[in-house]
Amino acid sequence: MSYPFKTIEKKWQQYWQEHKVFEAAAAGKKKFYCLEMFPYPSGKIHMGHVRNYTIADVCSRYKWMQGFEVLHPMGFDAFGQPAENAAIKNKTKPDTWTHKCIEWMRAELKKMGFSYDWSREISTCDSSYYRWNQWIFLKMLERGLAYKKASLVNWCPACATTLANEEVIDGGCWRCKAKVAQKELEQWYLKITAYKERLLDDLAQLTLWPERVIAMQRNWIGKSEGVEIYFPLKERPGRICVFTTRPDTIFGATYIVLAPEHPLVKDLLKGKPQEKAALRFIDKVAKESNAARSAADVQKEGVFTGSFAINPVNNEEIPIWIADYVLMEYGTGAIMAVPTHDQRDFLFAKAHNLPMRIVIQEPGSKMRNPLELAGAYEGDGIQVNSGHFDGLANQEAKKKIAAWMEEKGIGKIQTHWRLRDWLISRQRYWGTPIPVVYCPQCGTVPVPYADLPVLLPQDVSFSGEGGSPLGKSNTFVNATCPQCKSKARRETDTMATFFDSSWYFLRFCSPQFRTGPFDTQEAAHWMPVDQYIGGIEHAILHLLYSRFFTKFFKDIGLTEFHEPFQRLLTQGMVLKDREVMSKSKGNIVDPDSIITRYGADALRLFILFAAPPEAELEWDDRGLEGSFKFLNRVWRIQDNLKEKADIELYRLVHKTVKKATADIETFKLNTAIASLMELVNAIYQLGADREVFGILVRMLAPFVPHFSEELWQQLGNKETILKGPWPAFDPELVIEEQVTIVIQVNGKVRSRIQVQADIEEEALQELVLADARLQAWIQGKAVKKCIVVPQKLVNIVVA
RNA sequence: GGGCAAGUGGUGGAAUGGCAUACACGACAGACUUAAAAUCUGUUGGCCGCAAGGUCGUGAGGGUUCAACUCCCUCCUUGCCCACCA
């Protein structure tokens, strides 16, 4: 007979709700804000959600039991394209579809028994939320952090609409399969680059973030120190400006490559015999999408311009080429090519028979002839063929050459950044309308704060054709200019959903606040988020944008902190048959069906036990059954309680408390559970009393909350187990009196003995050398060394 | 191509310089049962051995160390993220 999980889970979910157990309130205790990345309401939760939210729930409940005032909110990242696509497909409205999905999803989350403060629930698609997106946008606009710029978008000519990258499938439109083109549109950007230094420098404060997330953010921001070098043109005045991080290779720069879009290209070509062929090439490249141009393993194509530049360090004439692998968007749109020390340049030079010169000698190599090179040497070495810098280590030469070029006025030491401004415009309906109007007299005019929110219109039909649906709503498009009151046109672009999720953690602090995006006092109390938990796929964009918004709020005086998330955990993926669970692969396990068969607690326990939170998790039906069996095994203990348990068991219980507490603190939840299982095994051997059992049940409470509440109540407790409190261990009972010492001979285990834990080193050595089993191994041999590791091991080294 | 992880029994995993394989799954055996399920109790890395015990063993190869799954070097494989970023 298995335990009645169905009634128990229902009972306690009701109890928590009725007693408002999880409603956060500032109560003068130490606060703890636990947050997981809120879901997109697709309708059903999947195992990835279950894993993410179960890990966070353990953290929250553990903190509740420790007496913290916990803020653990949940909401929905509800804007986005799937709702619009569903509307096109099912002839419904994005609004209706989304709210239905939210309802289903909320019900499923409740069935998992997560400890959310549902009174704080938010949905980003509600105007009470997105009006503050508009408010924030206007604040940014005021400070010059929002601006418009022309930019290329994926365009489906058949549907006359823009497409997201993921809607482009094999170069065609996802709906009609027409070939996707590039089209230039005026788009809104946020100037995140204005924060690049702070976003980079403050990474140092994030000591509780995973190393690899820090590394990914650092690479994305991409600060590189280098030199801007000026190459004079040979035949006429003017110069080409390039940026390099390798000024140590400048003496090996044997040609220059311009991006086909480079402004100098057409002038350089004029009247040259190469002009025609080159223009044809430029035309061809222009037709290629960025995706095709950046595809790997494509032959590097290029043409000679017929013109030459002068290498300013040695006055050599070097040819100027055009190639598709140089992009106008990066650096200066021109590079100096050093084929001997850059692999891409090497391949290009080989293909077009361009000159090469070795200027950095690989340590241990005497090679001087570039023709012997099988590939570029990109490592460190000694300068050769580099004028008076010969013989220097290249890292040292890098600095000296840079300084020397700056002094001579042929270059300038510069810092380049990889980070680009953030494009937030979407030609979509289901998003936050960008609050500006276009007036023929006054130009681009922000909507006054008093007129917010700019609401999404309801009179919109969804066909998927003819551009943004907002553009087809006359009531929406026709507006009055806030300044001159003449007829004006409303902006029909909406904001990317990353905007919504860049500050929702602040809204949770005061979700009903009506006079600003959030109550600054509430935010000062709850922020920063103490523990943030989510998937590694958000390691760059979402986290970077959230950090950017947080810094912006500080600048406009709404907050006092620099970083939003103190500690970050990125949980691993859930796999089935070694592949990520996904609809297209058809290897989905539906959490709901598991809950029906085994209950939410068994599901929670399995998903926590099967792997450490940060690692990938292989789904296993049989493992799940094991977790269910374990719960039944614990359930049966209550019928066999003794008056008084053995001292041996007390010792183990306290050791387990120590171990489980330490493990939960460091998110080793799988081994925390393993130690509880060991305790249960010992209880089956030794027999527990009420005290021991009570401690076990409290330790189980964060993992399997319904189950533990029920047992706790049956032990005679009147209050929720969350007021448990979390058990403490008696340090006296944790200390070992006897320890086992491992005895090794030459590093191999040969024996072991029991000794008092506080034995003196000399006495221990004597005991060890007298050990009977050891004699065969050391007899007649000289003991060269004897290494003693207190309380653990003795290693005897014999000749 | 770059960055970051990871590679341990039949399986998920544990051990981050000191007893390799905790805990769990699976398998096998026993108890209970008319029987099965459930439950309880054992056994369970390979090889040699009746046993005591020995010996090999953490992707491959080398190194450091009294001692290496753990640290260093080279290579292989897998996964994730990013990518003609100068």
Side-chain angles (χ1 to χ4, degrees), chain A residues 1-2 210-216 218-220 222 224 226 242-246 249 257 259 290 293-298 300 323-327 329-338 342-345 347-348 378 416-420 535-540 570 572-573 575 578-580 605-606 609-612 614-627 629-630 632-633 636 668 670-681 684-685 740-752 773 776 784-789 791-798:
Chain A
M1 256 275 287
S2 59
E211 289 276 339
R212 64 169 169 156
V213 175
I214 301 274
M216 283 159 92
R218 185 176 292 119
N219 290 342
W220 188 259
S224 58
V242 308
F243 176 77
T244 180
T245 53
R246 295 290 307 271
T249 64
V257 189
N290 259 353
R293 236 172 110 178
S294 55
D297 302 327
V298 172
K300 280 32 177 173
D324 58 352
Y325 76 98
V326 177
L327 297 183
E329 294 99 90
Y330 296 106
T332 59
I335 61 161
M336 66 177 210
V338 186
D342 181 290
Q343 186 61 19
R344 271 172 326 195
D345 296 342
L347 293 174
F348 191 81
E378 296 182 341
H416 267 232
W417 301 78
R418 190 186 173 284
L419 185 69
R420 303 285 122 184
I536 188 73
E537 67 273 21
H538 295 297
I540 297 176
T570 49
M573 311 224 198
L575 313 181
R578 303 198 168 271
E579 287 190 306
V580 179
L605 190 66
F606 169 70
F609 178 62
E614 302 208 69
E616 288 175 343
L617 184 151
E618 175 70 24
W619 181 263
D620 178 15
D621 288 316
R622 289 195 291 212
L624 177 79
E625 238 165 291
S627 296
K629 273 203 269 191
F630 170 74
N632 282 306
R633 199 164 143 88
R636 283 190 295 272
K668 293 188 198 164
N670 54 330
T671 51
I673 293 169
S675 70
L676 298 183
M677 288 174 168
E678 281 180 76
L679 177 60
V680 170
N681 290 343
Y684 268 76
Q685 299 289 332
T740 305
I741 301 289
V742 169
I743 306 175
Q744 298 181 329
V745 178
N746 290 344
K748 293 207 178 214
V749 181
R750 296 303 179 190
S751 182
R752 54 199 74 190
R773 248 178 308 188
K784 283 204 330 205
K785 219 179 199 180
C786 190
I787 286 129
V788 179
V789 183
Q791 314 236 347
K792 267 187 188 159
L793 164 147
V794 176
N795 187 15
I796 300 159
V797 186
V798 294

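Below, chains carry the letters A, B, ... as their sequence lines are ordered, and counting in each starts from 1. Note that this is a predicted model, so its numbers are computed, not measured.
- By the 30° and 60° cut-offs, the orientation of the rings of A:Trp619 relative to A:Phe606 is perpendicular.
- Judged by distance alone, with hydrogens and angles left aside, the side-chain atoms of A:Asn632 form no donor-acceptor pair with the main-chain N or O of A:Ser2 at under 3.5 Å.
- OP1 or OP2 of B:G18 has not a single side-chain nitrogen or oxygen of A:Lys792 nearer than 4.0 Å.
- Under 4.0 angstrom from either OP1 or OP2 of B:C23 there lies no side-chain N or O belonging to A:Lys629.
- Taking a pair to require two hydrogen-bonding distances under 3.5 Å in either a Watson-Crick or a G-U wobble arrangement, B:C66 pairs with B:G18.
- Between the CD atom of A:Glu678 and the P atom of B:A24 there is a distance of 8 Å, rounded to whole Å.
- With P as the reference atom, B:A37 and B:G26 are 13 Å apart, rounded to whole Å.
- Within the shown strands, B:U39 is the pairing partner of B:A31 under the Watson-Crick or G-U definition, both distances less than 3.5 Å.
- In this structure, A:Ala215 reaches neither bases nor backbone, as no heavy-atom distance under 4.0 Å exists between it and the strands shown.
- Residue A:Asp345 is out of contact with every strand shown, counting any heavy-atom pair closer than 4.0 Å.
- Contact annotation: A:Arg636 reaches the phosphate of B:C40 (side-chain N/O to OP1 or OP2, under 4.0 Å).
- Phosphate contact (OP1/OP2 of B:C40, side-chain N/O of A:Arg633, threshold under 4.0 Å): present.
- Taking only side-chain nitrogens and oxygens, A:Gln685 comes nearer than 4.0 Å to OP1 or OP2 of B:G42.
- Residue A:Asn795 places none of its side-chain N or O atoms closer than 4.0 Å to OP1 or OP2 of B:C19.
- If you check every strand for non-hydrogen atoms under 4.0 Å, A:Tyr684 touches sugar and phosphate atoms only.
- Residue A:Glu616 places its side chain closer to B:G79 than to any other of B:G79, B:C40, B:C66.
- Side-chain N/O atoms of A:Asn670 include one lying less than 4.0 angstrom from OP1 or OP2 on B:A14.
- Between A:Arg750 and B:U55 there is a side-chain polar atom (N or O) within less than 4.0 angstrom of OP1 or OP2.
- Among the atoms of the strands shown, only primed sugar atoms or phosphate atoms (P, OP1, OP2) are found under 4.0 Å from some heavy atom of A:Arg622.
- Taking atom CH2 of A:Trp619 as the reference point, atom P of B:G12 lies 16 Å away to the nearest angstrom.
- B:C19 sits 15 Å from B:U70 when the C1' atoms are compared, rounded to a whole Å.
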